[in-house]
Amino acid sequence: MAKALPKRSENYSEWYNEIVKRADLAENSAVRGCMVIKPYGFAIWEKMQRALDDMFKATGHQNAYFPLFVPKSFLEKEEEHAEGFAKECAVVTHYRLKANPDGKGLIVDPDAKLEEELIIRPTSETVIWNAYKNWIQSWRDLPLLINQWANVVRWEMRTRIFLRTAEFLWQEGHTAHATEQEAIDETHQMLGIYAEFAEGWMAMPVVQGIKTESERFAGAEETFCIEALMQDGKALQSGTSHFLGQNFARVFDVQFVNKENQLEYAWATSWGVSTRLMGALIMAHSDDNGLVLPPKLAPIQTVIIPIYRSPEDLATISKTLEPLIGQLKAAGISVKYDDSDHQRSGWKFAEYELRGVPVRLGIGMRDIENGTVEVARRDTLTKDSRPIDFSQPEAFVAGIKELLDEIQDAIYQKALDFREANTFLVDTWEEFKEQIEKGGFIMAHWDGTAETEAAIKEETKATIRCIPLLSADMAGKCVYSGRESPKRVLFARAY
RNA sequence: CGGGGCGUAGCACAGCCUGGUAGUGCGCACGGUUUGGGACCGUGAGGCCGCAAGUUCGAAUCUUGCCGCCCCGACCA
């Protein structure tokens, strides 16, 4: 028997690492800090991409692609942006290798030094706005609504698979607008799309909010985010949407002629989500038996496992199941019929649980005689036997479709209940220090100063995840300084 | 970059202290018995013991240097 997963309660990070490996999502690569995303993991990412991409397209965005390399001079232009990213950039200095004259192997050819170093993009604002300079002349060229799916590199000190890798996959939207208000509206719209995706597809409730100045994206006027609570009580920033003002338009000189024939700088936004969402998905729902996937993102929504003794039985079962498999597919349900002969049914049960397949159907000779199917739910680990007409399985399939919807809702509700049970209103500093050790979201008053924010971080490792958008203003006293505060903000320890 | 741990078969590890034929479990291949919650028996394949130098008749084992990975901190989507 294969080793059980580590328990969440005993060693959360080991549980996480093991689940990533054992569910066959990804593995560490030979390259430090970088991951190999395996087919099953990539299939989930592709489903995320598809859903998000459809939402981007539905709101008028188009995909394009910009280069991996950013000339150093581009990155330097926007001062805060440059400062924010400088310490985590991979730099290309040469363009050629040559045989080592002193021995084996290859060396960097010193004669092939680049005149200007190229940065491997940590984000693409600069390359993209350099291009936009030529794309935008008139108000008629606006808004310009572009997204790209790409990889980026941020040379992190310490990495964790999916959550923080040196190279990761993401999408970055970069839009240009004629007015400030339009850009602000876009920033909000995309934040809303991220929240809708997180909640509707990932079944992961999120808090939408504004970042404080110290947590803001380098070069942005305002950063909005969605924050989710993981099962170990830590927060995970799961998406960001930035209002960039005219900062990048100014430094790249992107001006357009408005309706009054006057030159104006364009207004910008950028927004992104990354393969970090894979980590969020794992940590939001999975249990000690393995991954739990929301049906909308599961590469396999239903797995069918035949239970048999002889090859003849298997042939009978396979034949009997043909209409059912056909109907499931016709209903748009992704189904895998695992009739492989080298693993036994019990092994398969455990394996598909580990991989988070939402619904498992077990069918043996007894079921065929009785006209039943064993239906097992991954989220609750419950089983029941349902009647089926194997030659006309439409009614049964409708029931499975319903069940998948029910599971999607149930795991969202479970995650929401967890978040509500782990969100605390805290009014005293003593209580704050005590609660932060236990984990969870803390809603507390803050005096609005960076000093207080830094002091709280220093003393408790908790950061202000965001100033929530949807909670009402209600004045109070800062939990740390006792000064006036207009509303509560969201504190947590974060990934 | 600090502190800790580890590099031996695809994976998990033992062997190292005290130098002398490279091992165990899982997985893999083949055969058989099994099959409603991770089956069992038998046979077999699979290794430059992280790399390099040194000590030695002889190094997985001792010495030195290097490289890599993981965990904990500082930095971060």
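So that the names make sense, note that chain A is the first sequence line, chain B the second, and so on, each numbered from 1. Keep in mind that what you see is a predicted model, and the values were worked out from it rather than measured.
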Less than 3.5 Å between a donor and an acceptor, one on the side chain of [X] and one on the base of [N], is that the case here?
{"X": "R344(A)", "N": "G36(B)", "result": "no"}
{"X": "Q343(A)", "N": "G38(B)", "result": "no"}
{"X": "K383(A)", "N": "G37(B)", "result": "yes"}

Base paired to [N] (Watson-Crick or G-U; both N/O distances under 3.5 angstrom):
{"N": "C30(B)", "answer": "G42(B)"}
{"N": "A12(B)", "answer": "U24(B)"}
{"N": "U35(B)", "answer": "none"}

Can you see if the side chain of N17(A) gets near the phosphate of C71(B) - specifically, an N or O under 4.0 Å from OP1 or OP2?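 Yes, N17(A) has a side-chain N/O under 4.0 Å of OP1/OP2 on C71(B).
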Please determine whether a side-chain nitrogen or oxygen atom of R276(A) lies at a distance below 4.0 Å from atom OP1 or OP2 of A77(B).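 Answer no for this pair, as no side-chain N or O of R276(A) is under 4.0 Å from OP1 or OP2.
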Can you see whether Y12(A) engages K234(A) through a side-chain donor-acceptor pair at a distance of less than 3.5 angstrom?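 The criterion, which ignores hydrogens and geometry beyond distance, is not satisfied for K234(A) and Y12(A).
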Any side-chain donor near an acceptor of the partner, Q148(A) and S124(A), under 3.5 Å: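 Result is yes, a qualifying pair exists.
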Which part of the nucleic acid, if any, lies within reach of R160(A) when heavy atoms closer than 4.0 Å are counted: base, sugar-phosphate only, or nothing?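 R160(A): no heavy atom of the nucleic acid under 4.0 Å.
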Remember a base hit wins even if backbone is also touched, and classify T240(A) as base, sugar-phosphate or nothing at under 4.0 Å, heavy atoms.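 Counting heavy atoms under 4.0 Å across all strands, no contact is made by T240(A).
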Distance check needed: U34(B) C1' versus H342(A) NE2, whole Å only.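 That distance rounds to 16 Å.
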